[in-house]
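These notes are about the structure you will find just below.
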Number of protein chains: 2
Amino acid sequence: MTRDASRPSRPASPTFSPLYRQIKDFLIRSLEQGEWGPGDAIPSEGELAVRFSVSQGTVRKAIDEMAAENLLVRRQGKGTFVATHSDPRSFYRFLRLVPDNGKAMPTVSDPFYCESIAATPEVAAALGLKAGDRVLLVKRLLRFDGEPVVFDEIYLAADLFDGLTLERLRGGDRSLYSLFESDFGVRMINAEEHLRAVAADAQSAELLGVGSGDPLLLVERTAYTYGNKPVEWRRGLYCTRHHYYRNDLG
Amino acid sequence: MTRDASRPSRPASPTFSPLYRQIKDFLIRSLEQGEWGPGDAIPSEGELAVRFSVSQGTVRKAIDEMAAENLLVRRQGKGTFVATHSDPRSFYRFLRLVPDNGKAMPTVSDPFYCESIAATPEVAAALGLKAGDRVLLVKRLLRFDGEPVVFDEIYLAADLFDGLTLERLRGGDRSLYSLFESDFGVRMINAEEHLRAVAADAQSAELLGVGSGDPLLLVERTAYTYGNKPVEWRRGLYCTRHHYYRNDLG
DNA sequence: GAGTGGTCTAGACCACCAC
DNA sequence: TGGTGGTCTAGACCACTCG
């Protein structure tokens, strides 16, 4: 890694970062550039140590942090793998809705609208675009055990999701993020949600089978890919009659 | 630590846990028993290594995990300290409400009720008590910049908070958890929240200055101390007209 | 048995902090 | 100046997985 030849010496540069940090950054850049795809194994710790001319412990620390951030998944005896939304273990990783009776219910996504529109100022700001830029708007219902529970309006930067159509969305029973990942090479890394209580408008009430004016949970989500780049903004209305939004505070 | 004298050998016991795990467990038990109080420094890594007859790296791994779980706080050059709710850095650590305009507002807790009551089945279940056991009920308003935003009903296991009165609650401008920690030796470690959208009842509407039937964010929280023991359950109604509940998804 | 991640050691030096 | 956490090394052995 970037370091002068006389090993034990340290650059006193103001932008100094430790070796394991440089390795981590390198690995993240490699993921960004698709060096290894979702689900693939990355090289073993030993091999990376040789490649970077550092000890295995240093590589380990870099990978440890990335595993803690859900970028990589370690599997003892097998290797270290690039995290993927296609893995059942993290299928609806960002969905915090839980039925009151605890049972894990079959979740079905039912998209019914997909068009290219001009970004509103609100959407443009969230996605780092200019107002009027093209974005894709997807509308869908999420059903738990048949019952409609979430109405989502999903905005996507059009240039990243070129060719996305309602047909492709309605294809398999994968999660949206799984499809984005495999078909468009866009991997959602983390997200931030803003929650509010609002009164149902006529359309949402109709779709969710509640009365107009009934309280709904409004969930606005911005989702980020590598480099904290926002690539999705969604506005979801959750019916919380028989479900709740679960959050663990550390 | 528990391990036979012939060092390199490993007990093949079915309940084997690695050395750093045993050290971590020991440290947690020490915290539980008040060996070191909130804000205190724990012994240095070197000293603990000697005490447990392990290398510093092993102690380090134990402490690393505890720091990641917010049980300890590392400060380079100074030492490792027991986390505390009295520290400004984690004053309202569990409060996720944020004003729309981003400004950090002065948050004021205004308790107006504190009585001992018999636990309802719901409260008893949450706190691991029997229905009818004594619990303390505290009601309070939370104001942001003078404006009432949260109405909390807080239930506490009576035996742990003996002597808690409205006067003591109204004392300083510390957070509740800071007071629980210093006055009753009960430290909140983590919590789980269940969120729903509900319609305001008459009392809540009055207190929060909204219309009866207006949508409010219902936040039910169970808070745990060491050993995942539930010690508080609260029902909060959040007015989300000018504030939102912020959640980061990893 | 070969390869991978998981644990552990003993020792080195650096960066930060307080006195 | 001495003590603390932060980084890094070189090497050992263990536990798990798979062919």
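Proteins get letters first, then strands, A, B, ... in listed order; numbering begins at 1 in each.
Regarding contacts with the backbone of dG6(C), a side-chain N or O of Arg60(A) is found under 4.0 angstrom from either OP1 or OP2. When the side-chain nitrogen and oxygen atoms of Lys61(B) are compared with OP1 and OP2 of dT7(C), one or more of them lie within a distance under 4.0 Å. Ser55(B) has no side-chain polar atom (N or O) that falls below the 4.0 Å cut-off from OP1 or OP2 of dG11(C). For dT9(C), the OP1/OP2 oxygens have a side-chain nitrogen or oxygen of Thr58(B) closer than 4.0 Å.
Under the rule for a side-chain hydrogen bond (donor to acceptor under 3.5 Å, both in side chains), Asp145(A) has no partner lying at least two apart in sequence or in another chain.
In this structure, Gln56(A) places its CD atom 14 Å from C1' of dT9(C), rounding to the nearest Å. Regarding Phe52(B), its CZ atom lies at a distance of 18 Å from the P atom of dT7(C), rounded to whole Å. The interatomic distance linking Lys24(A) (NZ) with dC8(D) (C1') rounds to 18 Å, in whole Å. One atom, CD of Glu65(A), and another, P of dC8(D), lie 11 Å apart when rounded to the nearest Å. In this structure, the CG atom of Asp64(A) is 15 Å from the P atom of dG6(D), given to the nearest Å. Rounded to whole Å, atom P of dT7(D) lies 12 Å from atom CD of Gln22(A). Taking atom CG on Leu19(A) and atom P on dA10(D), their separation rounds to 12 Å, with Å as the unit.
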Close N or O pairs between protein and nucleotides 1-4 of chain C (under 3.5 Å):
| residue | atom | partner | partner atom | Å |
| --- | --- | --- | --- | --- |
| dG3(C) | N2 | Gly77(A) | O | 2.9 |

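When the options Thr80(A), Val82(A), Leu72(A) are evaluated for a side chain to side chain contact (heavy atoms under 4.5 Å, CB included) with Trp36(A), the one that passes is Val82(A).
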message: Using the rule given for side chain to side chain donor-acceptor pair (under 3.5 Å), can you reason through Asn247(B) versus Tyr245(A), listing the C-alpha separation, both sets of side-chain angles and the distance that settles it, and then say yes or no?
response: CA-CA 11 Å; Asn247(B) 192 25; Tyr245(A) 182 105; 2.9 Å; yes
field: Residue pair Phe52(A), Phe26(A): steps toward the ring-ring contact (aromatic ring centres under 6.0 Å, His included) verdict
entry: CA-CA 10 Å; Phe52(A) 295 134; Phe26(A) 179 93; 5.2 Å; yes
- request: For side chain to side chain donor-acceptor pair (under 3.5 Å), just list the numbers for Arg170(B) and Ser109(B), CA-CA rounded to whole Å, side-chain angles, deciding distance to a tenth of an Å, and then say yes or no.
  value: CA-CA 8 Å; Arg170(B) 300 179 71 88; Ser109(B) 170; over 6 Å; no
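Each of Ile42(B) and Arg21(A) lies near DNA chain D, and the nucleotide nearest Ile42(B) is the one positioned closer to the 5' end.
A ring-centre distance under 6.0 Å is found for Phe144(A) and His243(A).
Looking at Met66(A) and Leu27(A), their side chains come closer than 4.5 Å, going by heavy atoms from C-beta outward.
At a cut-off of 3.5 Å, with distance as the only test, a side-chain donor of Ser182(A) or Arg174(A) sits close to an acceptor on the other residue.
For Arg74(B), the listed nucleotide lying nearest its side chain is dG6(D); candidates were dA10(C), dG6(D), dC8(D).
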query: When Watson-Crick pairs (N1 to N3 and N6-O4 or O6-N4) and G-U wobble pairs (N1-O2 and O6-N3) count only below 3.5 Å on both distances, what is the dot-bracket string of DNA chain C, with | for other-strand pairs?
result: ||||||||||||||||||.
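Taking the ring axis of Phe81(A) as reference, the NZ or CZ atom of Arg75(A) stays within 45° of it and closer than 6.0 Å to the ring centre.
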